[in-house]
K.L.:
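Got a structure here, written out as structure tokens. Questions coming.
Heavy atoms only: backbone and side chains are in, while hydrogens, waters and symmetry mates are out. Note that the coordinates shown come from a computational prediction; the quantities given were computed from them, not determined experimentally.
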Amino acid sequence: MAAGYSRTRRAVRRARKLVIKATTLAGSGHPGGSLSMAEIVGTLLFGHMRHDPSNPLWDGRDRLVLSKGHAAPGLYSSLAVAGYFEESEIATLRMLGSRLQGHPDLKCPGVEFCGGSLGIGLSFSVGLALAARIDSADTRVYTVMGDGETDEGQVWEAAMSAAKYGLDGLTVIMDRNFVQQDSYTEEVMPLDAGPAGTRVADSRADASLWRTGQRWRAFGWNVIEVDGHRIEQVADALARAAATRGAPTAIVARTVKGNGVEHMADNPAWHGKAPSPAIAPLVAEELDSHVMVAPSIIAGDMADLAGEVRRCEAAGADYVHLDVMDGEFVPATTFGASKVAELRPLTLLPFDVHLMIAEPVRRFREYAEAGADIVTVHAEACGEAEFGEVHDSLRGAGVGVGLAINPGTDLPGWAARFAPTLDQVIVMSVEPGRSGQAYIEATHEKARSVRDALARAGFGGDIEADGGVNASNAGACFDDGARVLVGGGAIMARDDARAAVAEISAAVRHARRAAIIARARGLGGDELVSSWIALHEDAGTRAELEAIASGEGRP
């Protein structure tokens, strides 16, 4: 993936936290729509757009037009993470004299359009794209729009113009989160075609009811539909848009307003309301607490790895974990780079390639070239100098960098040097290369020690728990600091892999809720706990939070 999946994901997480910080300090703003578009803007800025934060007005840059200008905190946060200005400036949002006003203003470096009144960003973008054509400039224009914004007729006039002139340098990304200022879009002015009385939840979930893309097709646009929170899908759609000739492209990115924060998610009340200062630390912790589930395909049918990759995708996995074993570093042998390359076209899911091989410094490039999104090598198989070569080469190629340690190995002292730019650290909880092992319980204490040591060194990546992880211990792994869970037999040996992933995710969700309740109690006692619980409108979620707070929650 050209966008550099791991670094984009880290940048998006940082940007989301800055959104919360900015709107909290300002006491106003629009967190919901800023969070829903985080992966969209992040994937643009951190992998697909040509731009230079040190020279914001560079003539050769691509243009990013935020038509849904109320989501300015989301744009500013991503621009800050990209290096257009210091992240500390985010604290000036909406202050008198600040460059970061409530809607985008050209005083802010990186801003291309003074958004405010909705419905006009696409017209402006058509003008930019036409000007680029007249100037024979190789410039692309990206326009991020809201779905409620398309109630405006001017949007469709601009859409007709873009199609008439075949503006293939123009790409619209619609943040299709189903919520606009007053209510759900389907209750105000439906974009999809649910029958009378169709619930919003049904319209969101049932693809047979989706009609938004058809509207753009009817206006002559190339249309791509994606999950707007899957970086890999957004990146692929942007690449396909860039390769399209003769027509503009509309990417319908289905998202959740307030995504990443449970009580804000899909809640119209958080369209334009800021978190309170007391709640903000809990929201920040929640944003740091999301877990990726990565099934290990070698625990499935080794004679049909292609089928196992497809099963991972159908199961709703976040990564595909590929264990490469050479029969030398570990007793077993699995497959090499050619198999990774063979499997790569089958899915857009990120490939998490774990090299359990001797002398990885000689072979890691093969796996990066084969399509790995993250490559992890073992501390036992390389020293500081060799790992430095792996680290620098992978980062230069836009591939995530990981370091793994076996159950009997301590985190090497030299790992601290790389911690700020490491994407993941795997703490093995079984002896590598031997199947069917149970989780080594002593790994819990070790993982916590590794977590603390890495935090002191400025680690910004993820700890990955690998070996014997299942629904019964996933919550404990979360408590240890693991944010990627590799499931082998617990997922791939099950007939229903989707149910297995769901069970692990449910266990993690419970642990996350318990951790935030504990943090709330530590910060503000029972009063803050009650305030936190009260924010959650879903009856089932609130009941579980109340049970956790009372000490009656399931372990």
K.L.:
I'd like to know if the side chain of H378 reaches the main chain of L403, judged simply by a donor and an acceptor atom lying under 3.5 Å from each other, with no hydrogens or angles considered.
P.N.:
no

K.L.:
Just wondering, do L535 and W270 contact through their side chains at under 4.5 Å, heavy atoms?
P.N.:
yes

K.L.:
Do NZ/NE/NH1/NH2 and the carboxylate oxygens of E445 and R448 come within less than 4.0 Å?
P.N.:
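Looking at E445 and R448, the cut-off is not met.
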
K.L.:
When you check the side-chain N and O atoms of D466 and H354, is any donor under 3.5 Å from an acceptor?
P.N.:
yes

K.L.:
Is there a side-chain contact between E464 and V427 in this structure, where contact means two heavy atoms from C-beta onward sitting under 4.5 Å apart?
P.N.:
no

K.L.:
Under 6.0 Å from the six-membered ring centre of F351 and within 45° of its axis: does the NZ or CZ of R344 meet both?
P.N.:
yes

K.L.:
Angle between ring planes, F418 versus H391, binned at 30° and 60°: parallel, tilted or perpendicular?
P.N.:
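The rings of F418 and H391 sit tilted, inter-plane angle from 30° to 60°.
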
K.L.:
Starting from the C-alpha separation in whole Å, work towards a yes-or-no answer on side chain to side chain contact (heavy atoms under 4.5 Å, CB included) for L322 and L343.
P.N.:
CA-CA 10 Å; L322 298 104; L343 298 174; 3.9 Å; yes

K.L.:
With a 4.5 Å heavy-atom cut-off, do L454 and I463 have their side chains touching?
P.N.:
yes

K.L.:
Do Y142 and H48 have ring centroids that are under 6.0 Å from one another?
P.N.:
no

K.L.:
Below 4.5 Å, heavy atoms only, C-beta onward: do K257 and L35 meet side chain to side chain?
P.N.:
no

K.L.:
Any side chain to side chain donor-acceptor pair (under 3.5 Å) involving residues 302-317? Give me the pairs, sequence neighbours left out, ordered by first then second residue.
P.N.:
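Sorted result for residues 302-317: E308-R311, E313-T347.
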
K.L.:
Can you classify the ring geometry of H263 versus W532 as parallel (below 30°), tilted (30 to 60°) or perpendicular (above 60°)?
P.N.:
perpendicular

K.L.:
Using the six-membered ring of F478, assess whether NZ or CZ of R483 lies under 6.0 Å from its centre and within 45 degrees of the ring axis.
P.N.:
yes

K.L.:
Between Q424 and D352, is any side-chain donor less than 3.5 angstrom from a side-chain acceptor?
P.N.:
yes

K.L.:
Indicate yes or no: at least one non-hydrogen side-chain atom of Y319 is less than 4.5 angstrom from one of I374.
P.N.:
yes

K.L.:
To the nearest 0.5 Å, what is the distance between SG on C312 and NE2 on H321?
P.N.:
11.0 Å

K.L.:
Please test R230 against E39 for salt bridge (Lys or Arg N to Asp or Glu O under 4.0 Å), starting from the C-alpha separation and ending with a verdict.
P.N.:
CA-CA 7 Å; R230 302 296 299 237; E39 284 84 2; over 6 Å; no

K.L.:
Could you check whether any side-chain N or O of S429 sits under 3.5 Å from a backbone N or O of G467, counting only pairs where one atom can act as donor and the other as acceptor?
P.N.:
yes

K.L.:
Would you mind telling me which of D423, T43, D462 makes a side-chain hydrogen bond (donor to acceptor under 3.5 Å, both in side chains) with R9?
P.N.:
D462

K.L.:
If you measure from the Lys or Arg side-chain nitrogens to the Asp or Glu carboxylate oxygens, is any gap between R521 and D526 under 4.0 Å?
P.N.:
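Looking at R521 and D526, the cut-off is met.
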
K.L.:
May I ask you to decide whether E503 forms a salt bridge with R498, counting only side-chain N to carboxylate O separations under 4.0 Å?
P.N.:
no

K.L.:
Okay, side chain of S550, backbone of A547: is any donor-acceptor separation there less than 3.5 Å?
P.N.:
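Here the side-chain-to-backbone pair exists.
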
K.L.:
Given the side-chain rings of H444 and Y439, with only the six-membered ring counted for Trp, is the space between their centroids under 6.0 Å?
P.N.:
yes

K.L.:
Between H229 (side chain only) and N259 (backbone N and O only), is there a donor and an acceptor less than 3.5 Å apart?
P.N.:
no

K.L.:
Test your reading of the model: is there a side-chain donor-acceptor pair from E380 to the backbone of N406, 3.5 Å cut-off?
P.N.:
yes

K.L.:
Apply side chain to side chain contact (heavy atoms under 4.5 Å, CB included) to L349 and E232, showing your working.
P.N.:
CA-CA 7 Å; L349 286 177; E232 68 275 12; 3.8 Å; yes

K.L.:
Got R61 and D52 here, is their nearest side-chain heavy-atom distance under 4.5 Å?
P.N.:
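Contact flag for R61/D52 side chains = no.
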
K.L.:
If you look only at pairs with a residue in residues 274-296, which of them pass as a side chain to side chain donor-acceptor pair (under 3.5 Å), with sequence neighbours excluded?
P.N.:
K17-D288, E285-R519, S296-D323

K.L.:
Take D175 and T255, measure what side chain to side chain donor-acceptor pair (under 3.5 Å) needs, and give me the verdict at the end.
P.N.:
CA-CA 6 Å; D175 181 7; T255 62; 2.5 Å; yes

K.L.:
Start with the C-alpha distance between V81 and L18, add both sets of side-chain angles, then the distance that settles side chain to side chain contact (heavy atoms under 4.5 Å, CB included), and finish with yes or no.
P.N.:
CA-CA 9 Å; V81 174; L18 288 177; 3.8 Å; yes

K.L.:
Answer yes when R365 and E389 have at least one side-chain N-carboxylate O distance shorter than 4.0 Å, and no when they do not.
P.N.:
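Yes.
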
K.L.:
Begin from the C-alpha positions of D538 and R542 and carry the test salt bridge (Lys or Arg N to Asp or Glu O under 4.0 Å) through to its verdict.
P.N.:
CA-CA 6 Å; D538 177 76; R542 183 177 291 187; over 6 Å; no

K.L.:
With a 4.0 Å cut-off, would you call E441 and K446 a salt bridge?
P.N.:
no

K.L.:
Taking side chain as C-beta onward, heavy atoms only, is M302 less than 4.5 Å from I297?
P.N.:
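A side-chain contact is absent here, since even the closest heavy-atom pair is not under 4.5 Å.
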
K.L.:
Are the side chain of D326 and the backbone of A358 linked by a donor-acceptor contact shorter than 3.5 Å?
P.N.:
yes

K.L.:
Charged N to carboxylate O under 4.0 angstrom, E544 versus R513?
P.N.:
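Yes, charged N to carboxylate O under 4.0 Å.
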
K.L.:
Between the main-chain N or O of N473 and the side-chain N or O of N470, is there a donor-acceptor pair closer than 3.5 Å?
P.N.:
yes

K.L.:
Using side-chain heavy atoms (C-beta onward) and a distance below 4.5 Å, is I357 in contact with R363?
P.N.:
yes

